[in-house]
Number of protein chains: 2
Amino acid sequence: MHFLELIEKKKRGGQFTKSEIEFWIEGYVAGDIPDYQVSALLMAIFFNGMSKQETTDLTMTMVASGAQIDLASIEGIKVDKHSTGGVGDKVTLILVPLIASLGIPVAKMSGRGLGHTGGTIDKLESIAGFQTELTTNQFIDQVNQIGLAVIGQSEQLVKADKLLYALRDVTATVDSMPLIASSIMSKKIAAGSDAILLDVTIGSGAFMKDVENAEILARLMVELGEQVGRKTIAVITDMSEPLGLTIGNRLEILEAVAVLKNQGLPELKEFVLDLAELMQKLAGEVPNRAQLEANIANGAAYHKLVEMVVAQGGTEAALLKPAATTYQIVYSAKKSGYISRLDALLLGEIAMQLGAGRQTKADTIDNEVGIVLTKKVGAPIKEGETILTLYSNQEISQLINQQLECAVQIADYSKSNPSIIKIIESE
Amino acid sequence: MHFLELIEKKKRGGQFTKSEIEFWIEGYVAGDIPDYQVSALLMAIFFNGMSKQETTDLTMTMVASGAQIDLASIEGIKVDKHSTGGVGDKVTLILVPLIASLGIPVAKMSGRGLGHTGGTIDKLESIAGFQTELTTNQFIDQVNQIGLAVIGQSEQLVKADKLLYALRDVTATVDSMPLIASSIMSKKIAAGSDAILLDVTIGSGAFMKDVENAEILARLMVELGEQVGRKTIAVITDMSEPLGLTIGNRLEILEAVAVLKNQGLPELKEFVLDLAELMQKLAGEVPNRAQLEANIANGAAYHKLVEMVVAQGGTEAALLKPAATTYQIVYSAKKSGYISRLDALLLGEIAMQLGAGRQTKADTIDNEVGIVLTKKVGAPIKEGETILTLYSNQEISQLINQQLECAVQIADYSKSNPSIIKIIESE
């Protein structure tokens, strides 16, 4: 088999056999196939796609390219959750302690953020002392003891995806459905959970821009999960405005705590409850919203978060420490009306410039900085009333002020964004 | 400007500005843009094409990436000729001395062969003593003195094409019309002639397989030539069977000599005369077949070839030296009928296995070996009559015998291949 022939085959719209996909992925991971050939193939895949069978084969070949976590020694149905990325997305921090408080084990590996999207691991690291690197044994032991652990993704998982993703990133071949689906699902499958909840975000702050494409991707991943024996549900959710009211690691931790203490934004709690019901379903239980509500109201969910923080080296005091920045700059409404736009992408980029995110992988994050919104899209606002506050350790540049002008809009009618747009399950 | 954005632009079907193309080509030649990004772009170009303006800009930017030959010190309209590659193609060896014998100066740079297609420079090097490397001054002086020189293409010409072609070759991105056209035309333009005759071959032994695509390519190159002030005519010619009766460097030189001495295959002479008329036209003269015929009959064209051979270090005796091989293996007709197939690709590959061509650039060529056909497609043949003779310095393998069975077919009806299928000129 020559790799050149595989490029030619895909260029002509052909379909790869499993052994051809293995030849590609194994050869690439072994360093036998050069980047310049793989990037040509990736572009051919962008144009000619891959069948469901090819996508499944690619996913499982990628899974086999690295270590796989065996969670068999944890009793029960382990559920995992993944978001395709968003601005201010602290859902995992609220959802997983809530789920764990029901007795459903959560052994979760999370990623770091890049660009305008945040990563759960970065947020957790804003808690002084919190360890995101555990050995697999420590990870499993913790889940067996307290029912919950969230750690960084092992470097040993899905080696092929690391290589392929880095190459896609610099060759304009990221936005290919089968490549996105196999990248996400290979990591989830290798991480070992029995069932997977996928949050496919759409809108300005998300990777997918429209519902149609998000649904194609969601269906592809749900089918892929089923085909390899992992029960999968996908939700398509709105990311045209930031999730909740905060952007920035420390600020988002505090917002998650607020929701778990039943003091947060009601819409955010309802959104998390919607997802929690789906996770109950994935865990083989009957969704029970009253029970979920109760576990927030009685502090069980919050207590589970504290338990995890302590188990992983942090303290409750560190968890609750307020964000401390040199400047808090208030941005107020220039006219009265209803907030009609809080652009997730622009606000995410502003937060990144303040230091809340990484422009390149090498950048370090300032955990304290970020943005706190007072209201969401659709809310009434009066001239002079605060729309948002920038938490910053530097003065605000002219550029950021201009971006704010674009990011925020006030209209004379009220129209709010939905949260869950669609739920996609296999039959 | 970021190269990643250029890949994305072409992926989305956008058109490059001249400065974007310069950014690409200059950056790649300078080593600032890595192969893996360029190969992704090449694949995007395969799918989304390039406009005529983009193709012209690419061509001229490639021309500017290396040295350009200035033929201004040679009086008259200099004409060049290029073939997209064929099996047994010795046309240049007959055509250019014939044209030069009319007083039209020919300052030609030629290439080497790879795979089943031969190169004029390899053929000339089968003449003992013949120098294919001259300095630009020596090259121009010789044309001024005797009206004709054929040398190898300078390594300094069109650096971008060398890099791009090598990358296309290993990334399945060779067969893109704008990339083929710009590769061919950039070399012809950099080589300095005023007018260009392009022979676009089609059929099993050629790069293009059908007339439709050959015509698209031909038109593209003719327009490109006109747009940059080089008068260009393209002919689409048949390469389903070898050109003439011989394959192999020494054998082809001898066949060229035979045609110039008016002793060769009449069809080959007629084909060369057709092309010669077009070259007269390109040189601003009125095509004059009688004059061309006369210059063969009176020995002027043959004499011009001898003059060139001597000027470049060879002798007439070396020119005429017969092919000397250990074995001459005769392959005969298994039944009577008409030759219906002499597959150019298969015969080219057989000749290559005998040592007449290179499988990789590093291979050395055995000038003596090759194939001599006795007849062309359409000719009647009797059972037991010789179809072809293999000139070999090794015994003939089972594989070659099997390939011969496929390459040669006899039918009970006569049908011959055309030579020039179509002539394409700008209006």
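In the text below, chain A, chain B and the rest are named by the order of the sequence lines, each starting its count at 1.
Between B/Thr171 and A/Tyr36 the shortest side-chain heavy-atom distance falls below 4.5 Å. Two residues are said to be in side-chain contact when any heavy atoms from C-beta on lie closer than 4.5 Å; B/Lys11 and A/Asp175 meet this criterion. Side-chain contact between A/Leu41 and B/Met43: absent, with no pair of heavy atoms (C-beta onward) separated by less than 4.5 Å.
In terms of non-hydrogen atom pairs under 4.5 Å with chain B, the most contact-rich of A/Leu6, A/Asn48, A/Thr173 is A/Asn48. Per-residue heavy-atom pair counts under 4.5 Å with chain A were compared for B/Lys10, B/Arg12, B/Glu5, and the maximum is reached by B/Arg12. Comparing B/Val170, B/Asp35, B/Leu167 by heavy-atom pairs within less than 4.5 Å of chain A, the highest count is held by B/Val170.
For B/Phe3, no part sits under 4.5 Å from any heavy atom of chain A, backbone or side chain. Proximity to chain A (any heavy atom under 4.5 Å) is shown, for B/Leu42, by neither the backbone nor the side chain. For a residue to count as touching a neighbouring chain, one of its non-hydrogen atoms must lie under 4.5 Å from one of that chain's; by this rule A/Arg168 does not touch chain B.
Heavy atoms from other residues, nucleotides or ligands lying under 6.0 Å from NZ of A/Lys18 number more than 12. Surrounding NZ of B/Lys159 are at most 12 heavy atoms belonging to other residues, nucleotides or ligands under 6.0 Å away. Applying the 6.0 Å contact sphere to NZ of A/Lys422 captures no more than 12 heavy atoms from other residues, nucleotides or ligands. By the neighbour-count criterion of 12 heavy atoms within 6.0 Å, atom NZ of A/Lys209 is densely surrounded, having more than that number from other residues, nucleotides or ligands.
In plain terms, the two heavy atoms of A/Ser39 and B/Ser39 that are nearest each other are OG-OG, 2.6 Å.
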